[in-house]
Each structure stands twice: as C-alpha cells, then as structure tokens.
Amino acid sequence: SGEKADPARPRPIRLTYSVFFPPTHVQAREAVQWAEAVEQRTGGRVKIDVFAGGTLSKAEQCYQGVKDGISDIGMSCLAYTRGRFPLLEGLDLPVGYPDGLAATRIANELAAKYQPAEIQDTHLLYLHAHGPGILASKRPVRRLEDLKGMKVRATGLSAKIVELLGGAAVGMPQPETYEALQKGVVEATLCPVETLKGWKQAEVVGAVTDTSIIGYSTAMFVTMNQARWDSLPPDVQAVFTEVSAEWIDRHGAAWQVADADGQALVAELGRETITLPPDEQTRWQEAVRPVLQGYVEQAATQGLPGQAFLDDLQRLVAAARD
Amino acid sequence: MSPALIGVLGLLLMLLLLAASLPVAFVMGVVGVVGFAWVINTPAALAMLSADLHDVLSNYGLTVIPMFVFMGQVCFHAGISRRLFRAAYHWMGWLPGGLAIATVGACAAFGAICGSGPATAATMAAVALPEMRRFNYADSLASGVVAAGGGLGMLIPPSVVFIVYGVLTEQSIGKLFIAGILPGLLVAALFGLVILAQCLRDPARGPAAPRFPLRARLASLKGVIETLLLFALVMGGMFAGWFTPTEGAAVGAAGSLAVAAAGGSFTWRLLWRAAQETVRTSCMVMIIVAGATVFGHFLAVTQIPSGLAAWLAALPLPAWMILLLIVAFYLVAGCFVDALALIMLTIPIFYPVVLQLGYEPIWFGVMIVLVTMMGAITPPVGVNVYVVSGMERDLSLQTVFRGAIPFLVALLAAVALLMLFPGIATWLPGLVR
Amino acid sequence: MGATPPTRPYDRFLWRPVKGLVLAFAALAAAGVLAMVAVTCADVALRLLGRPLVGAYDLVRIAGGVTLACALPVTTALKGHVAIEYFFHKLRRRGRIVVDTLMRLLQMTAFAVAARECARHGSKLLRSGEVTPTLQWPVFWVAWILAAACGLTVLVTLYHLVHPGREMIRP
Ligand code: NA
Ligand code: NA
C-alpha cells in the first residue's frame, strides 16, 4: 500500500496465497512471514496477498484451486482431498511421530526423495505436518480395554485407527466437536494436543492419553500454480526456494510450540495426562498395524512404491525418536 | 484499473442487475464471476464458479439446512403448528400483536436447538407465518418478525458465528455461548416491545382477540402437547448427549412425522408435499449462499473489506467512536457480503484494535453477532428476508424488508444498551470458571 | 401440476419431456431429503447402541449435494428464486419486455456456463481420484449431476423466455 510510483522500477509481480488456517492461527502467521520474507529478499519485486481462513478457496478446494489459478499459491491438508495423493497419504499413517518438527522434516525429505507424480501438476514449495495425534477423552484411557466401544470423533484415516483400537468412530466437523464432547455425543477425540487449545476442547475433556507411540500426523502442502511458477524469473524462483527451505523448520518449530502450549493448557486446567506403560504401548502399535498394511496394498494396486515409502518413513521416525 | 475500483464497479453492476429483477442469487454469482475474471483471469473465475457451487451444495455445515426446513414443513403440513398457535391465540391473543410476540418466543426457543440464522428463519416461516396471516396480522409485521427473529438462532447458543469468532480470537467458545444468553433474552424482549408499540399505535397490524374463558383456554392446551413432546425429544436428546444440534434436526423431523402418525394426520401425500416444499426452500436458500460465496471471493481479491477495515482501525478518534464506526462498517458491509466471510476477512484487523481500546473480547463477540443479525435483514442482501419472502411467494421483498426495519431499531437499541452496560454480556460468563 | 394446456405445436415434443425431467429431478431431490433424515437418525440410534454408522457424515454430505443440485430446475421452474421486482413493476410494458428478455438471456448464459464448468469440475475430480474421507466413495458424479441440473435450468429459463408471465410448473 505504501508503493511509490517510481517509473524506473517495474510494477511488482502480485501473487495471491490461499491459506485454510484461520488468520490468527500460528501457522497462518508463519505463512504471512514467509510471504514477507519473499517480498523482502526479492527487493519488493514480488507482492503476495495472503487470504487466510479459506476466504479465497476452501480447504477442500485449495489444491485444485491452485491448479486452476483461483489462487497462485495455496496451503491445505493433503488429507482433505482423499485419494488425490495416494503415495503421500502415507505421511499421515500412525507411525509414531515424536513431534511436529520431526514430522515436518520427514515429510519434506520423503517428498524430495520420491517426487510423487500426484503433485507434479503444481510446483510444490514445501510441506509441513503437525505433531503426533493424541487421545483426549472424557473418562481416562489407560489401557486398550478402556477404549472399547468409546465414541471417538475421527474422520478419514483416523476413523480407521479408532476402529482398530476398538473404539467407535464418529465423523463430525471440527467446529461441532466442542459441543459434542461437552454433551457426551462423543466421549473422546483423536487430534494433536494443539487442537485442544485452538478449538478450546481442553475445556470439555477429562484426560489426555499420550498415544504418540502410534502418533499419526496430517501433512500440509504449500504449492504454487505451475504456469505462474514458470513465468517467474530464475532469480525470483531461487528466492522462493531458499525461503521455503528455511520455513520448513520454522513451521515445524511452530507446531512444537503450539503442542507445548496445548499441553500447558491441559495442565493448567488440571486435566490428567496419562503415559502408557511400555507393554501397553506395544499393544497399541500392534493394533494399528493393519492401517499400515492397508496403505501398502492400496498403493500397490496403483503401481506405487508404498512398501518402500513406509520402510523409509519408519526408519526416519525411528531415528527421530532416539 | 486498480482492484478496488473494479470492486466498486462490481457493486454498482450488482445494484443495477438487482433493480432489473434478476434473482438475487444469480446477480451475486454473475457479478462475482465477471469481477473475479477482471481482477484475476477468466479461467480462474470459471473454475471458482464450479468449485464454489459444488462446495456450498455439499458442505456438511450447510446441508443440514434442508433437515431443519423439513422439520418445520412436517409440523406445518401435519397441523401441529396450527394447533400450537391456536393455543397461543387463546392465551396471548388478547394482547395487541400477541401472536407475533409468541413467534419471537418460538424463535428464541428454536434458536436453542439451531445454530444458524437462515435455518431458524426458514423453520419459523413455515410454522408461524401462515398462522399469523390466518389471524389477519399485517403481512409486513408477520414476515418482519420471522426474518428478524430468525437472527436469534445466532445469538442464543449454539451459534455458528460464536464458534467462528471464538476460534479466530482464541476465546472460550463455552463462555461465548453463555455470553449470548442474556443479550438473546434482551433482544427478544426488545422485539416484543417493538411489536407491542406498533400494534398499540395501529391495532389493525396485529388485531387483538377477545379474552377467551378459562375453560376454552385450558382446552386449547391440548394442542401444545405434541409440540412439547417434540421439544422434549430434541432438547432432551441434545442435553442427554444422544445427538448434536445438527443431528437434532433429523431427529426432530422424524419425531414430527411420528407425532403426525400418532395423531392420525400422517399421509403419504403429506410426506411428499413437505419434502417438495423443503427441497424448493432449501435450494432457494443455498443458491443464495452459493452466490454470496462467489461474490465474497470477488470482493476479497479486490481487497476492499480488508483495506476499509485497516483504514477505519487507524483513525485518530476516541474509543467509543471507533467502536461505533466498526459497528457501522459491519452494518453497511453486511448489506453486501455473507456474514461469516466478512468476519473472517475483518476480525483479524479489528480485533487487536478493539482490545487496545480496552474492550472485552467476549463482549465484542456478542456485538459481532448483533451486527450480523442486522446484516441478515438489511437490504439489498438480507439472507433472512430472502428466505421468508421465498417461502411465502405472495410476499414481496420490499414488504418483508419494510416489516423488518422496526426490528433493526431494536437491534440498534441492544447495541447501545450493551455499550452502556457491558455486564449484560460479561456477567454470566464471569460467574463460570 | 403442469395444468397449462399446450399452446404451440412444439410444446408436446419439447416442453413435455423437459417438464418430465424437471419433475424427475424434483422427486430425486425429495428422496435425498428423506435419505438425509433416515441416515442421520439411523446413525444416532446405532450410536446409542454403541455401533455408530461409520461414514454417516460422508453419506449426509452426498445426499445433501444431490438434493440441492436436483432441486435447482424445479425451483427455477416454479420461479422460486427471490428477486427484487420493485423497480421492474415501475417500468412500462415495452420496458418490461426488453428488461425481462435481457435478464432471461443473461440467466440462460450464466447457467450454460455453470453447466459446462461443473461438468469440467467433475471430470477434474474423476481424474484426480478424489474420494470421500471415510467411505472412500468417488465424489466426481455429484458435480456431474449438478452440471445436468444447470443444463436443465437453461431449458427452463428458455421456457420462461418464450412463455412470458407464466411459470413452467405451478406450485
Ligand atoms: Na442458536
Ligand atoms: Na444485509
């Protein structure tokens, strides 16, 4: 807005960026700072207008929207358009991510290694992924048996996880979950601990079980319209690549801080945090194994290297847990 | 041409097409696509049109609107609502505008089930509007009270607007819900006063009935039983944790069919007619929402809402004046843009300012809902008014808008009262720890 | 319903099938509403028994999408969309004819464009392999139904254009 009409300087390249996170969410703020860094390091040759809260394209339409040019850049979850990313779907599996930073680094490492065909129709800038999904419940869950028949809010892949753990998966949108927990329509929710603060659900749960041993994640993409990318001068492209590489760790760290904040709120509200004993942890791991199997088989039917992807994923997660 | 200028031209084109009697939903869609094509490019605009249509029509939060409408239609066709209003007529009919006041009460009660303004308005338009007209209430009063009363669905918890606000501003949704209760009752009372004042000045608007003898009154109570059963089922089930408010719509619809069957008034023809009317009303509402979504995306890329908000927030004025300007901003912008999109675009700008001015976050949330309620009944884009006029086809839009204006005054009075006595919003949530 | 007698020779060959299609879409829409109610109630009941209907959320979304898409032609045929007619009624006869014709042509263009775009959107969804989150059912066909509904709405608007002042279907 403070642009001067300097005839010697060409008008900046204006780009739109659609972010599904609400504008006050820490990840939306990271997106804004990423955009500002790009603007600065290109010397003002690029101007990025960020539209947070899905005000330009909804989370489910974000990827196709980038392809079609509704927004030039987009950030959303791979899982919101199930089936579209059959190989990278593996990033959301319950492999036991230790934290958001590790999940984010692993996601980028695997995307770089496999270069899946499913994301080649746009220019992927980077991925990030939240910390391990935990179980927040009204009644404490200490053993697998406590979960038997419990109504747990979960959709998509996590619905499968809930079923394998013996719970009953109930699908509902995140905005309705608060009330549903309060009234007992559902008795638990599977989500990163950060969500308990962001959506205030910590107010209405009784206990949190640290299930990070089977921690799943939700990978999110930041990607750019291919034609738009191709039209950028090489030095501007280089700035995008450089800033994106830096922001991988910033998003990851932000997820870690958000999870810590969520955990702090849980403690502040006096909710119990339950750690599973080692033998119980093994049982939970065994219980969710069929999801991993299912992923590999599904990928195989599409001629994708699901097994190799999963092996790499588990190796990286094991390394990160140490 | 700058995007902002294209935005202004778009608004002008919109007014022109509206005046040329093109249906409102199509006006917003056409202007939105043309404007988006102008600011961004044509392929993107066309892709946006189909993506928005598909998304709005199969969005879970919105697909429940047909279920609420269906519940209202079954109650109407099975005569359940007619018997309820007969009872209301026996007990409150002597009061000038008594049935309209009873309708406000019904809106408030239904608002405790339903979190959406248009859905509340649609249900009440099916249930209460035909009854008020049957008892010779003025069309403008009868339709205005339903359009305005529908807004109580957003103020009285549960409420979609509070949830969005709570997530945006990191406030407790539970506290916001509680904060909505007293202002909700206040607004309902103010609406009642508005009705009474109108009907005392011009008794023909809400003709008073003679007082009925006690025996007749007691006999009329039989007609309330069905409604009470339904209400107990839906509210009881919600509080017992059997289902969410959204699912309550389906349970209520099935329940009203069961009540109709038990009362012997169920026929397949009834089911068919109720379903047909539901389909037509829901489609009319959802196409408007889709049009507003397309139009909102266009306005977003013109940067007009966020630019205007940023400019307002930086004005060197006393706190209460900035706050009034913010209210005025929502009042004007709410004439053109869907409320939730507007909140998403502008709260991040206004919220820090409001905090800096020393106002309470929870209190501001209530103010936001109040201005959203106003936006739903101000011309030219007033969703609740569209819903009501679309359901009673012989009621023109201007009749409903005209009928809703006195209630706008009541909402402004509520805003003033909340500014003078913030405790109305903050006292109850303060009691809860 | 449809009580208007045929007044022109092509009524029988063109408009009758169109009307039939509009009514068929309307019936499908009504069935969709009942399906939404039934699925939700079944989910609630089964949940109380400890066995929630997995994917009820997906089913309600699909039923809702089909319902609202299929309702579009009949809603238009009934002239059920809200318009501001205040200024229109102030016009003289010739002015009304001109404005009405222009608006109907604009509406037809808009729905023709929407039909084409929705069909393309459906094809994109088909190619992308996108499915519903829990049941993993394909989603593209809902967009195609929407495209068909928009196409039918073009014909309904054409009917209104050549039969001024008359609804295609009476409520
Ligand atoms: Na409500
Ligand atoms: Na308005």
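Order of the sequence lines sets the chain letters (A, B, ...), proteins ahead of strands, with each chain counted from 1. Note that the structure is a prediction, hence the values are computed from the model and not measured.
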Given that the side chain runs from C-beta out, which part of [X] has a heavy atom under 4.5 Å from chain B: side chain, backbone, both or neither?
X	value
C:Phe111	side chain
C:Ile62	neither
C:Leu72	both
C:Ala27	both
C:Asp43	side chain

Checklist entry - Of B:Leu53, B:Leu57, B:Val56, which meets side chain to side chain contact (heavy atoms under 4.5 Å, CB included) against C:Leu68? => result B:Leu57
Using 0.5 Å steps for rounding, measure from the [atom1] atom of [X] to the [atom2] atom of [Y].
X	Y	atom1	atom2	result
B:Ser58	C:Ile145	OG	CD1	11.0 Å
C:Thr76	B:Phe26	OG1	CZ	5.0 Å
C:Thr67	B:Met286	OG1	CE	10.5 Å
B:Trp242	C:Arg47	CH2	CZ	12.5 Å
B:Leu22	C:Leu102	CG	CG	11.0 Å
B:Gln398	C:Phe87	CD	CZ	8.5 Å

Item to check | side chain to side chain contact (heavy atoms under 4.5 Å, CB included) assessment of B:Met71 paired with C:Val37 | outcome: CA-CA 10 Å; B:Met71 175 170 142; C:Val37 172; over 6 Å; no
Name the option with the most non-hydrogen atom pairs under 4.5 Å to chain B; the candidates are [options].
options	value
C:His81, C:Arg96, C:His89	C:His81
C:Cys70, C:Ala147, C:Ala143, C:Ala110	C:Ala143
C:Arg120, C:Lys124, C:His121	C:His121

Item to check | Candidate pair B:Leu17 and C:Leu106, rule side chain to side chain contact (heavy atoms under 4.5 Å, CB included), full reasoning | outcome: CA-CA 10 Å; B:Leu17 289 177; C:Leu106 178 59; 3.9 Å; yes
Checklist entry - Got a sec: does the CZ of B:Arg133 have more than 12 other heavy atoms crowding it under 6.0 Å? => result yes
Next on the checklist: Looking at every non-hydrogen atom in both residues, tell me the closest pair between B:Gln276 and C:Ala30 and how far apart they are.
Outcome noted: NE2-CB, 3.9 Å
Under 4.5 Å heavy-atom distance to chain C, tell me which part of [X] shows up: side chain, backbone, both or neither.
X	result
B:Thr278	side chain
B:Leu257	neither
B:Phe70	side chain
B:Leu18	both

Item to check | Heavy-atom check, side chain of C:Val33 versus side chain of B:Val279, under 4.5 Å | outcome: yes
Next on the checklist: When you compare the side chain of C:Cys41 with that of B:Glu247, does any pair of heavy atoms fall below 4.5 Å?
Outcome noted: no
Next on the checklist: Strictly distance-based, threshold 3.5 Å: is any side-chain N or O of B:Arg280 a donor or acceptor partner for the main-chain N or O of C:Thr75?
Outcome noted: no
Checklist outcome for this item: Counting heavy-atom pairs under 4.5 angstrom with chain C, the leader among B:Ala274, B:Ala19, B:Gly241 is B:Ala19
Item to check | For chain C, the option from B:Leu46, B:Leu271, B:Val24 that forms the most heavy-atom pairs under 4.5 Å | outcome: B:Leu46
